[in-house]
Amino acid sequence: MMPRAMRELPKAYDPSAVEEKWQRHWQEKGCFHADPHSQKQAYSIVMPPPNVTGVLHMGHVLNNTIQDILARRARQEGKEVLWLPGTDHAGIATQARVEKELSKKNPPRTRFDEGRENFVKLVWAWKEEHGGIIIKQLKKLGCSCDWLRERFTMDTQYARWVARVFTELFNEGLIYRGLRMVNWDPVLLTALSDEEVIMTPSKSKLYTIRYKLQEDPNRWLLVATTRPETIMADVAVAVNPKDPRYSNLLGKKVIRPLCEAPIPIIADEHVEIGFGTGALKITPAHDRVDFEVGVRFGLEIIDILTPDGHINCPECPELHGLDRFAAREKSVELLRNKELLEKEEAYDNNVGVSQRSDAPIEPRLSMQWFLKYPCVQEAKEAVSRGDITFRPAHWAKTYAHWLDSIQDWCISRQLWWGHRIPVWYHKDMATELKEAPKLDAEDAAAGRIYVGEEPPNDPENWVQDEDALDTWFSSWLWPFATMDDECRSKFYPTTDLVTGPDIIFFWVSRMIMAGFRFAGGKPFSNVFFTSIVRDLQGRKMSKSLGNSPDPLDLIARYGADGLRFGLMRIAPTGTDVKFDEKQIEEGKNFANKLYNAARFRMMQGGASSDPAPHFSPIHIDILSKLKELHAQVADALGKYEFNACTQALYSFFWNEYCSLFLEAVKNDLREGADPAVRNATLHTIDTVLRHYLALLAPIMPHITEELWESLGYAARYDNKPLMLTPLPSPDTLLSGLSESDISLARASAAALYETANRARNLKAEYNLATNKNVRLVVKPMLPTDADLANRLALLAGAKETIVKKDYTAPRGTPTALTPLGELFLPLEGLVDVDAERARISKELDKISKEIARSQAKLDNESFVKRAPSEVVQQEQERLREWKEKKEHLLTMQSALS
RNA sequence: GCACGGGUAGCUCAGUGGUAGAGCGGCUGUUUUACACGCAGUUGGUCAGGGGUUCGAAUCCCUUCCCGUGUACCA
């Protein structure tokens, strides 16, 4: 009956061969392909494109596992699914990567040695060879993306969209070029957007410096600053107009130290009277706020820093050419020598740091391209009205706040790798135009500049802008620029977006605006913000801390399914995930459990015949729990509660199915068992496994697919891989049974399991846990038939269960009151009266406490009067049960004395 | 400073007003034919502290403390 091969199935599940096999199979069969002509309801997700330089980290695993679960579940629900993958050209990261390669050459080279055209070619070559490793890694995780539609943010079609969007926004007057204070990265030599600057707490020093009065060099004004190296660029000292200490100095002048010159004392509201000395040096070229003050007062702008952060001030030879931080030290020394340093104190402030290079940002006056965001109002309303839902919902507040205080977006970068700005200057006036303080649509209308999707027809007359666009200026088009018209008409707007809350401003909000402006509406209906994966100390995972596990290593050791399952089990909604490898091991253990439960079925051989009657209460019980599981999974996934879903799947299978049901039916399958009974049990097992594999498949796609095939379900039901099989309906599971049939069966099964537990407890307390020769005796209170009695013996590890209404136990026989009735464990000569007495008195202690607590509650008049009657009844019932148990124990106790 | 999230068993976390839970870990026993990646038993909690509402609070309100995140200012 049992094929030999099945007996020889390995005892442990090995995911390595299985996972790759199915990944290949699914792809070859085109299982992931999305058909825009399908009549089915559309379900779509665009993958947040990882950097093309990226390698898979735990954040990606979390993110993409969730997307895969959603996509696979949607397929089971009969939807046409598009999960669109791709990578981002990641301007700065990729350029830096290739520059690093160049610097390793002998002799070292820079991009300037290569020249722009050649350098860009080198980056493309690097991308073709090394880029997109992460795509291969995502395949190993089992991601069911439509890989044929993989996109890159610099694909030709995509680039056309970028140019088109730029051109339209420019023509609309939303894009302009201007001389503005920007965040300058002195290491990468490019401007950055506000979002790319991270305010970092920093241990600084506050220096108080003496600025001598012009009229009397023996008197001075004290000015506090953290940046003495910029003194040479000071053009004024400002005080608050309401500050009485300085009112008599207004209009007078002080001598600027280091690079001596008289500068005026001015009054500006911005200065805080209470801070420092109440006098602020004004350095318009090197501070955002000072720049504004400078504009208000028409002050000169003196720039004394080079783009790479060195001092450019020949008038001050001691500092000229020094790096800004070296210059800070040096300038303090010079001031001290001149006795102009009043004091120096420790000071904690926040310093803006480049997200990309970690270098402190330099506020710098620079010619850049800016965008006034389109469709801000629509974007705001889409979320506040609920057309787009955020989960967890509180992120909507962060989003709204950002939109309320939105600033123009600096979109130009001084990079070579990226979308080059589609603006050309007329060659006759290119030089002047590049210096012009503002350029906009008017200049295009006048023919001074050309802006367009295509280069101008007479290229010889034009010079293209040197700058590239911020990478996010292409990413924000991702949900629609990745699709052709046909695809868009079926799959846009997308259904779900799954991403990290850290890019809510960089990406999510900008996509919403772009969607409204360029694609006719919202880009997605739901946004699920994943948690951030942290280590057990709660720290962010990072390369430098070395606390970031390599997902591929985890896949190698625990399987992709194990990794996915383990991670989903600990992924809460709304907070951080603390990553613990133990949990991934649990995922692997669970896969093994599932495998062995299926292996057990395979060892029973042949298919069960269909249909089979529901046989005993425990069969009905497990089917009813399975039906509940269907609802739990649907409910949890509907609310994006992946941990709850995984937990429900785990506990059903391990506890309800394996530990209780399977253990209780083993005798049904033994040789010599009644064939009808055997068939009923096999049929129930097959039903449970078939439904269960389908429910689990989105989370553990490989092992479920493998078992689906090896259990023969593929051949038997749809002859399709599990991943293309519709989710079986739970409605037929208990057909023909009434509500009361079911609840009776469940109560009966619960009583059996509870009684088996009590029996095991008794055995353990008498050190008989492993002894299978004991007998159990039940004095029944509920109808206890032979079937139930046999199952009880099996579950409790006993030789048999005797059901006897008029049983009189020998003195000192261990006993317990169970839902089935009085349970005895006759010891047949092994009676230990003292042990039993001790056990009873321990029990009594516990129960007496419960009785006291319950009694006190019921004695409380206001409880009885005010609590709902069900609650009171429940409490009374509880008390009655405890008292009954106590009576039982007391009887036993007196029998012993 | 402001806003948001969190603090429950040694660890990771469930638990939206009615007997405090799960998994892991610890301890004890166990190689029994699906599974030692297992099985059975067991240990373990002032639900951060204080106050309030309520017959009843981990849960609702106020407050303090701690951790995390975002954001503003910072000479």
Side-chain angles (χ1 to χ4, degrees), chain A residues 7 9 11-13 199 204 206-209 223-227 237-238 270-272 275-283 287 289-290 347-351 392 394-395 397-398 401-402 405 501-502 504-505 531-532 534 536 538-540 558 562 569-572 574-580 582-583 585-604 641 643-644 647 650-651 654-655 658-659 662-663 666 670 757 760-765 767-770 772 796-797 850 853-854 857 860-868 870-872 874-875 878 882:
Chain A
R7 279 184 203 277
L9 280 173
K11 286 173 85 161
Y13 174 64
M199 296 310 281
S204 301
L206 186 64
Y207 303 96
T208 305
I209 294 160
V223 175
T225 182
T226 53
R227 299 205 64 188
V237 171
H270 168 75
V271 182
E272 264 184 59
F275 190 92
T277 61
L280 169 64
K281 77 191 198 67
I282 300 297
T283 321
D287 185 280
V289 173
D290 291 7
Y347 179 60
D348 294 339
N349 64 345
N350 289 319
V351 173
H394 67 256
W395 289 111
K397 216 168 176 174
T398 308
H401 181 253
W402 183 76
S405 51
D502 49 331
I504 185 167
F505 308 138
S531 338
I532 290 173
R534 298 175 177 278
L536 282 175
R539 299 173 304 181
K540 259 189 179 169
Y558 304 114
R569 246 182 120 202
I570 52 172
T575 47
D576 302 332
V577 190
K578 287 200 191 142
F579 180 79
D580 185 353
K582 268 269 165 234
Q583 300 292 335
E585 195 180 338
E586 281 308 295
K588 177 193 164 186
N589 293 350
F590 184 69
N592 193 56
K593 185 77 178 176
L594 177 64
Y595 166 78
N596 273 290
R599 179 166 160 257
F600 175 71
R601 171 63 188 91
M602 289 176 219
M603 288 168 82
Q604 310 309 321
E641 288 173 357
N643 55 344
Q647 194 48 50
Y650 181 95
S651 108
W654 202 301
N655 303 330
C658 291
S659 296
L662 270 192
E663 292 304 326
K666 278 184 173 170
R670 292 255 152 90
N757 248 333
R760 282 201 287 241
N761 288 351
L762 284 183
K763 281 180 71 186
E765 290 191 57
N767 292 324
L768 295 169
T770 52
K772 292 204 158 179
E850 295 292 351
R853 212 181 47 79
S854 183
K857 207 168 177 180
N860 181 345
E861 259 179 58
S862 48
F863 170 71
V864 179
K865 214 161 63 186
R866 299 189 195 217
E870 312 92 77
V871 174
V872 176
Q874 199 185 353
E875 194 61 44
R878 220 175 272 152
W882 274 319

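In what follows, every chain begins at residue 1, and chains take the letters A, B, ... in the order their sequences are listed.
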Select base, sugar-phosphate, or nothing to describe what A:E272 touches, counting heavy atoms under 4.0 Å on all strands.
-> base

Within the structure shown, what part of the strands sits under 4.0 Å from A:Y207 by heavy-atom distance: base, sugar-phosphate, or nothing?
-> nothing

Distance below 4.0 Å between [X] side-chain N/O and [N] OP1 or OP2:
X: A:R866; N: B:rC55; answer: yes
X: A:K865; N: B:rC55; answer: no
X: A:N589; N: B:rG38; answer: yes
X: A:W395; N: B:rU71; answer: no

Give the intermediate values and the outcome of side chain to side chain contact (heavy atoms under 4.5 Å, CB included) for residues A:K578 and A:I570.
-> CA-CA 8 Å; A:K578 287 200 191 142; A:I570 52 172; over 6 Å; no

May I ask which nucleotide in the shown strands pairs with B:rA34, Watson-Crick or G-U wobble, both distances under 3.5 Å?
-> none

Watson-Crick or G-U wobble mate for B:rC4, both contacts under 3.5 Å | B:rG68

Rounded interatomic separation in angstrom, taking CD1 from A:I282 and P from B:rA75 | 11 Å

[N] base / [X] side chain donor-acceptor hit below 3.5 Å:
X: A:E663; N: B:rA34; result: yes
X: A:K593; N: B:rC35; result: yes
X: A:N350; N: B:rC74; result: yes

What's the gap between [N] and [M] when it is taken at their [atom1] atoms, as a whole Å value?
N: B:rC66; M: B:rC27; atom1: C1'; answer: 33 Å
N: B:rC65; M: B:rG23; atom1: C1'; answer: 31 Å
N: B:rG7; M: B:rC60; atom1: P; answer: 11 Å
N: B:rA34; M: B:rA40; atom1: P; answer: 14 Å
N: B:rG56; M: B:rA22; atom1: P; answer: 28 Å
N: B:rA57; M: B:rA20; atom1: C1'; answer: 12 Å

Would you check, one step at a time, whether the test side-chain hydrogen bond (donor to acceptor under 3.5 Å, both in side chains) holds for A:R569 with A:Q583?
-> CA-CA 8 Å; A:R569 246 182 120 202; A:Q583 300 292 335; 4.5 Å; no

Geometric cation-pi criterion A:K666 and A:F600, 6.0 Å radius, 45° cone =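 Yes.
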
Please determine which of A:N350, A:D348, A:N349 meets the side-chain hydrogen bond (donor to acceptor under 3.5 Å, both in side chains) test together with A:S204.
->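 Between A:S204 and the candidates, side-chain hydrogen bond (donor to acceptor under 3.5 Å, both in side chains) is satisfied uniquely by A:N349.
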
Separation of A:K281 NZ from A:T283 OG1 (nearest 0.5 Å) =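 It comes to 3.0 Å.
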
Listing time: all N or O pairs from protein to nucleotides 28-33 of chain B that are below 3.5 Å?
none

All salt bridge (Lys or Arg N to Asp or Glu O under 4.0 Å) counterparts of A:R866, not counting sequence neighbours = none

Quick one: do A:R878 and A:E875 satisfy salt bridge (Lys or Arg N to Asp or Glu O under 4.0 Å)? Show the steps, please.
-> CA-CA 5 Å; A:R878 220 175 272 152; A:E875 194 61 44; 2.7 Å; yes

